[in-house]
A.B. asks: 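I'd like to ask you about the structure that follows.
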Amino acid sequence: QVQLVESGGGSVQAGGSLTLSCAVFRLTLSRNCMGWFRQAPGKEREAVAVIYTRDGSTNYPDPVKDRFTISLNDIANTVYLRMNSLKPDDTATYYCAATTWRRSGSCYTLSEGDYPYWGQGTQVTVSS
């Protein structure tokens with residue numbers, strides 16, 4: 001079955017950087033939406049970055065725009081999330097997720113329920 005494996009989480013001081021990786025197995029990322037989501041204690045899970053693997057188009061919500069970058073290595077079938085200028089508010093468990101094959105992108109229009117495949121999550125803790 002499809003498997004997503006995240007890595008790269010950890011603890012960092014405010015202003016620091018981390019790069020998360022999401023290796024995807026048994027799903028070829030040709031025309032899929034890939035998303036990074038996060039969930040902080042007591043809060044709902046939210047999307048922080050999405051990418052359409054067909055053309056590399058990306059989308060970010062305002063709180064992370066210009067700080068987070070999602071990218072794809074299609075040879076390695078791996079998606080990355082580079083996080084710069086981290087803030088304590090970025091502390092959360094981060095998850096990657098994948099859709100099935102999609103004819104068109106517009107990944108920013110999707111909700112969590114549109115992603116059938118999820119990783120196990122990786123913890124990011126940002127201290128002040």
Side-chain angles (χ1 to χ4, degrees):
Q1 67 273 23
V2 176
Q3 188 177 16
L4 280 63
V5 180
E6 300 115 335
S7 60
S11 297
V12 64
Q13 288 193 324
S17 299
L18 281 175
T19 298
L20 306 182
S21 300
C22 175
V24 182
F25 300 93
R26 290 176 288 282
L27 178 68
T28 301
L29 300 177
S30 58
R31 300 178 77 119
N32 308 74
C33 289
M34 290 292 300
W36 281 99
F37 295 76
R38 68 184 181 188
Q39 187 168 23
K43 294 187 177 181
E44 294 186 352
R45 190 154 55 185
E46 60 179 353
V48 295
V50 295
I51 186 169
Y52 184 48
T53 61
R54 171 73 172 83
D55 60 12
S57 57
T58 60
N59 192 267
Y60 308 89
D62 286 342
V64 306
K65 196 172 294 184
D66 299 326
R67 298 191 299 122
F68 289 11
T69 303
I70 187 171
S71 61
L72 168 69
N73 181 329
D74 54 2
I75 295 176
N77 227 40
T78 298
V79 175
Y80 303 94
L81 183 68
R82 175 67 176 178
M83 304 183 293
N84 295 326
S85 303
L86 282 163
K87 307 173 181 179
D89 283 349
D90 295 319
T91 295
T93 301
Y94 284 72
Y95 301 87
C96 67
T99 67
T100 55
W101 189 93
R102 291 177 58 84
R103 184 176 302 280
S104 62
S106 300
C107 300
Y108 62 94
T109 65
L110 302 184
S111 61
E112 287 185 36
D114 295 309
Y115 291 82
Y117 308 118
W118 290 81
Q120 81 285 356
T122 186
Q123 178 67 35
V124 172
T125 302
V126 185
S127 58
S128 56

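None of these values were measured; they are calculated from a predicted model.
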A.B. asks: Using the salt bridge (Lys or Arg N to Asp or Glu O under 4.0 Å) rule, collect all pairs that involve residues 75-89, keeping only residues at least two apart or in two chains.
C.D. replies: none
A.B. asks: Would you kindly confirm whether V12 and F68 end up in one hydrophobic cluster when ILVMFWY residues are joined by side chain heavy atoms under 4.5 Å apart?
C.D. replies: yes
A.B. asks: Can you establish whether the number of heavy atoms outside D66 located under 6.0 Å from its atom CG is more than 12?
C.D. replies: no
A.B. asks: Any donor and acceptor pair, going by atom type alone, linking the side chain of N32 with main-chain N or O of M34 inside 3.5 Å?
C.D. replies: no
A.B. asks: To the nearest 0.5 Å, what is the distance between OH (Y108) and SG (C33)?
C.D. replies: 10.5 Å
A.B. asks: Answer yes or no: is there a side-chain heavy-atom contact under 4.5 Å between Q123 and T91?
C.D. replies: yes
A.B. asks: Do the ring planes of F37 and Y115 sit parallel (below 30°), tilted (30 to 60°) or perpendicular (above 60°)?
C.D. replies: perpendicular
A.B. asks: First locate atom OH of Y52, then atom OG1 of T58, and finally report the distance between them rounded to the nearest 0.5 Å.
C.D. replies: 14.5 Å
A.B. asks: Please determine whether residues L20 and V50 belong to a single hydrophobic cluster, defined as Ile, Leu, Val, Met, Phe, Trp and Tyr linked transitively by side-chain heavy-atom distances below 4.5 Å.
C.D. replies: no
A.B. asks: If the test is side-chain contact (heavy atoms from CB on, under 4.5 Å), which one of N77, I51, N73, D74 qualifies with L29?
C.D. replies: N77
A.B. asks: Working to the nearest 0.5 Å, report the span between OG of S127 and CD of Q13.
C.D. replies: 5.0 Å
A.B. asks: Please check if the side chain of Q120 supplies one atom and the backbone of V5 the other of a donor-acceptor pair under 3.5 Å.
C.D. replies: no
A.B. asks: Is there a side-chain contact between Q1 and F25 (heavy atoms, below 4.5 Å)?
C.D. replies: no
A.B. asks: Search all heavy atoms of W101 against all heavy atoms of S30 and return the closest pair with its distance.
C.D. replies: CD1-OG, 3.7 Å
A.B. asks: Q3: what forms a side-chain hydrogen bond (donor to acceptor under 3.5 Å, both in side chains) with it, not counting sequence neighbours?
C.D. replies: R26
A.B. asks: Which heavy atom of A47 sits nearest to which heavy atom of P61, and what is that distance?
C.D. replies: O-CG, 3.4 Å
A.B. asks: Do you know the tightest heavy-atom contact between Y95 and G119?
C.D. replies: CD2-O, 3.7 Å
A.B. asks: Are V48 and L110 connected in the hydrophobic side-chain network, where two residues link if heavy atoms are under 4.5 Å apart?
C.D. replies: no
A.B. asks: Give me the atom names and distance for the closest heavy-atom approach of A92 to A40.
C.D. replies: CB-N, 3.8 Å
A.B. asks: Assess, by modelled atom type and distance only, whether the side chains of S17 and N84 contain a donor and an acceptor separated by less than 3.5 Å.
C.D. replies: yes
A.B. asks: Taking the side chain as every heavy atom from C-beta outward, state whether R38 and E46 have any atom pair closer than 4.5 Å.
C.D. replies: yes
A.B. asks: For a side chain to side chain contact (heavy atoms under 4.5 Å, CB included) check, start with the C-alpha distance between D90 and R67, then their side-chain angles and the critical distance, and finish with the verdict.
C.D. replies: CA-CA 11 Å; D90 295 319; R67 298 191 299 122; 2.8 Å; yes
A.B. asks: Using a 4.5 Å cut-off on heavy atoms from C-beta on, say whether the side chain of T100 contacts that of P116.
C.D. replies: yes
A.B. asks: If two hydrophobic side chains count as joined below 4.5 Å and joins carry through other members, does L4 share a cluster with L81?
C.D. replies: yes
A.B. asks: Quick check for you: to the nearest 0.5 Å, what is the distance between R45 atom CZ and Q39 atom CD?
C.D. replies: 6.0 Å
A.B. asks: Are M83 and V126 joined in one hydrophobic group, where the rule is that I, L, V, M, F, W and Y side chains link up if heavy atoms are under 4.5 Å apart?
C.D. replies: yes
A.B. asks: Got a donor-acceptor contact below 3.5 angstrom from the Y60 side chain to the I70 backbone?
C.D. replies: yes
A.B. asks: For the residue pair W36 and V79, establish whether any side-chain heavy-atom pair is separated by less than 4.5 Å.
C.D. replies: yes
